[in-house]
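What follows is a single structure, written as structure tokens, with notes after it.
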2 protein chains.
Amino acid sequence: MTNHALLDSCPLYQGLSPQDKAYALSYFDAKAKQYEKGEFLHQVSFPLQRFGLVLSGTVQVYMDDIDGHHIIMNHVEPGDLFGEAYAFLGTDAPIYIRAVTEAEILWMSTARIKAPLSPAGPLDQELSNRYVACLASRTLTMNQRVQILSRNTLRMKLITFLSQYAAEKGDTFTIPFDRASMATYLGADRSALSRELSRMQAEGILTYHRNRFQILK
Amino acid sequence: MTNHALLDSCPLYQGLSPQDKAYALSYFDAKAKQYEKGEFLHQVSFPLQRFGLVLSGTVQVYMDDIDGHHIIMNHVEPGDLFGEAYAFLGTDAPIYIRAVTEAEILWMSTARIKAPLSPAGPLDQELSNRYVACLASRTLTMNQRVQILSRNTLRMKLITFLSQYAAEKGDTFTIPFDRASMATYLGADRSALSRELSRMQAEGILTYHRNRFQILK
DNA sequence: AAAAGTCCGTTGCTTTTGCAACGGACTTTT
DNA sequence: AAAAGTCCGTTGCAAAAGCAACGGACTTTT
């Protein structure tokens with residue numbers, strides 16, 4: 001059975017009554033599926049038929065470059081969506097999607113968005129709008145990512161990255177990355193990242209332990 | 001009068017009959033406006049009410065970082081859209097939009113997407129789908145950008161950047177950037193970029209003159 | 001409890017990059 | 001035609017960052 005409590009943390013379902021949630025689940029033709037740690041949810045160069053909502057666990061969307069480096073496109077935690085754009089376009093998706101931990105995914109279809117029932121039910125337009133809003137928000141998220149990656153020193157990337165968390169969560173927060181993933185996410189080397197974090201801590205800019213950070217000034 | 005020929009190069013209007021184009025223009029409540037070189041189309045922290053289609057000229061969407069560097073979010077040429085996501089969400093847009101050259105912009109509204117007429121005309125759903133497809137494509141474009149920026153050496157950024165053009169246009173192509181903008185787009189220093197390009201030319205990887213490139217291997 | 005595995009900080013070394021500054025080719029203005 | 005402006009390559013130098021390797025703390029497995 002699908003976890004209705006978690007659905008509330010996803011903008012697609014947020015605040016809907018139980019009946020409306022049930023309607024929404026059928027609107028998106030939602031199907032849950034379980035994955036083991038390390039399992040691939042999608043392989044390069046297949047079209048992505050559906051987009052996913054992470055119900056539990058963590059998922060990463062990434063590409064590989066020639067040197068064998070991963071490029072993290074999207075790091076997905078419970079309540080977050082992935083693949084909305086690919087699913088709508090139906091084009092080949094040159095990405096890997098992999099379960100970082102054991103994970104449960106709710107797979108959904110865009111068919112009703114593209115071809116609404118006629119006459120459309122009262123909720124249909126609302127759900128369509130929510131989906132489009134998610135798609136638009138994705139653009140904003142990626143803008144933030146570009147903002148980080150465009151900085152030309154690692155320190156500035158870090159400051160931008162951490163500021164974005166601080167803006168949302170306050171001075172103290174936990175990030176969903178280990179060091180290696182964080183480095184990949186920032187487009188940098190892990191040791192260079194550790195070194196820079198050390199320096200910034202020594203300079204009194206911040207404090208941290210593992211993936212928990214506190215910004216001091 | 002709006003240039004109907006150019007509309008055909010925009011996925012929103014492509015292939016529509018003249019009557020359908022006229023309908024589409026009213027569907028999006030399209031209004032054209034002229035801008036001088038250097039003029040701002042939008043300033044930081046105002047909500048963006050409409051999204052734009054560049055009819056002529058060039059427009060850049062960018063942010064500024066603390067050091068006064070520009071971060072190019074979107075470089076927009078005739079036939080391209082900008083601001084689709086902000087316009088739909090109606091949130092504050094922390095960006096500058098500026099005419100790089102004299103430009104004519106077709107400003108459009110998302111009102112009909114959010115609240116379709118009922119009953120909807122036969123074209124309405126098609127136009128809505130086209131808009132959403134544009135939004136989804138934007139995500140893919142930004143993915144490509146992230147792919148470039150995630151690379152950890154300038155050379156790899158360059159190879160990724162140029163490969164993306166080569167994949168689309170073949171071995172020889174012209175890019176829409178001068179060196180300074182190209183460097184900003186790659187998140188790098190202009191002189192470092194020039195240096196790396198020189199090296200790659202010396203190594204026989206490519207040939208270039210100004211913004212025209214030929215990939216040799 | 002030992003062994004294996006994971007995560008992370010550290011460091012030496014080399015390469016890359018940013019920064020600042022200059023000059024040449026070319027275009028536009030006056 | 002001179003002057004001003006723009007664009008771009010070049011270079012010296014200092015700082016930054018990648019790479020590789022090691023070791024310690026901690027967790028999980030056997």
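Per chain, numbering begins at 1; letters A, B, ... match sequence-line order.
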Pick out the pairs of N or O atoms, protein on one side and nucleotides 13-16 of chain C on the other, that lie under 3.5 Å.
none

Measure [atom1]/[X] against [atom2]/[N] and give the value in whole Å, please.
X: N211(B); N: dC8(D); atom1: CG; atom2: P; result: 7 Å
X: R212(B); N: dC8(D); atom1: CZ; atom2: C1'; result: 18 Å
X: H209(A); N: dC7(C); atom1: NE2; atom2: C1'; result: 11 Å
X: L197(B); N: dG9(D); atom1: CG; atom2: P; result: 7 Å
X: F213(A); N: dC8(C); atom1: CZ; atom2: P; result: 9 Å
X: M182(B); N: dC7(D); atom1: CE; atom2: C1'; result: 14 Å
X: D178(A); N: dT6(C); atom1: CG; atom2: P; result: 12 Å

Task: Nucleic acid contacts - residues 186-193 of chain B versus DNA chain D, non-hydrogen atoms under 4.0 Å - done: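 When residues 186-193 of chain B is checked for heavy atoms under 4.0 Å from DNA chain D, the hits, listed by number, are R190(B), S191(B).
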TODO: Using a cut-off of strictly less than 4.0 Å between a heavy atom of the residue and any atom of DNA chain C, enumerate the qualifying residues of residues 56-65 of chain B by number.
DONE: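 Contacts with DNA chain C under 4.0 Å: none.
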- [ ] Please report the shortest heavy-atom distance between L16(B) and A24(B), naming the atom on each side.
- [x]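 It is CD1-CB, 4.0 Å.
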Task: Smallest separation among heavy atoms of Q164(B) and Q144(B), with atom names - done: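 Looking at all heavy atoms of both residues, the shortest contact is NE2-O, 3.2 Å.
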Would you call the rings of [X] and [Y] parallel, tilted or perpendicular if under 30° counts as parallel and over 60° as perpendicular?
X: F40(B); Y: Y96(B); answer: tilted
X: F177(A); Y: H75(A); answer: tilted
X: F213(B); Y: Y208(B); answer: parallel

Task: Sugar-phosphate only, base, or nothing, as touched by S194(A) at under 4.0 Å among non-hydrogen atoms - done: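 Contact class for S194(A): base.
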TODO: Classify the nucleic acid contact of F177(A) as base, sugar-phosphate or nothing, counting any heavy atom under 4.0 Å across all strands shown.
DONE: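 No contact at all - F177(A) keeps every heavy atom at 4.0 Å or more from the nucleic acid.
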Open item on the list: Quiz question: by atom type and distance under 3.5 Å, do the side chains of R138(B) and T139(A) form a donor-acceptor pair?
Closed with: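 No donor-acceptor contact under 3.5 Å links the two side chains.
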Open item on the list: Tell me if the aromatic rings of Y131(A) and F51(A) count as close, with their centers under 6.0 Å from one another.
Closed with: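 Y131(A) vs F51(A): aromatic centres under 6.0 Å.
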TODO: Flag the pair Y185(B) / F161(B) as yes when their ring centroid distance falls below 6.0 Å, and as no otherwise.
DONE: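 Yes, ring centres under 6.0 Å apart.
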Open item on the list: Checking R155(B) now: which residues fulfil salt bridge (Lys or Arg N to Asp or Glu O under 4.0 Å) with it, not counting sequence neighbours?
Closed with: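 Testing R155(B) for salt bridge (Lys or Arg N to Asp or Glu O under 4.0 Å), a comparison that skips the adjacent residues, returns E196(B), E203(B).
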Open item on the list: Can you build the contact string for nucleotides 24-30 of chain C? Use B for base contact, S for sugar-phosphate-only contact, and - for no protein heavy atom under 4.0 Å.
Closed with: -------
TODO: Report the end-to-end axis angle of the helix from dA1(C)-dT30(D) to dT30(C)-dA1(D); each axis comes from five terminal pairs, and the value is rounded to 10°.
DONE: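 What I find for the helix from dA1(C)-dT30(D) to dT30(C)-dA1(D) is an axis angle of 40°.
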Task: NZ or CZ of R50(A) within 45° of F28(A) ring axis and under 6.0 Å - done: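 The answer is no; the distance or angle limit is not met.
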Open item on the list: If we check side-chain hydrogen bond (donor to acceptor under 3.5 Å, both in side chains) with T174(A), which of these qualifies: K169(A), R212(A), R210(A)?
Closed with: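 It is R212(A), the one option of K169(A), R212(A), R210(A) that forms the side-chain hydrogen bond (donor to acceptor under 3.5 Å, both in side chains) with T174(A).
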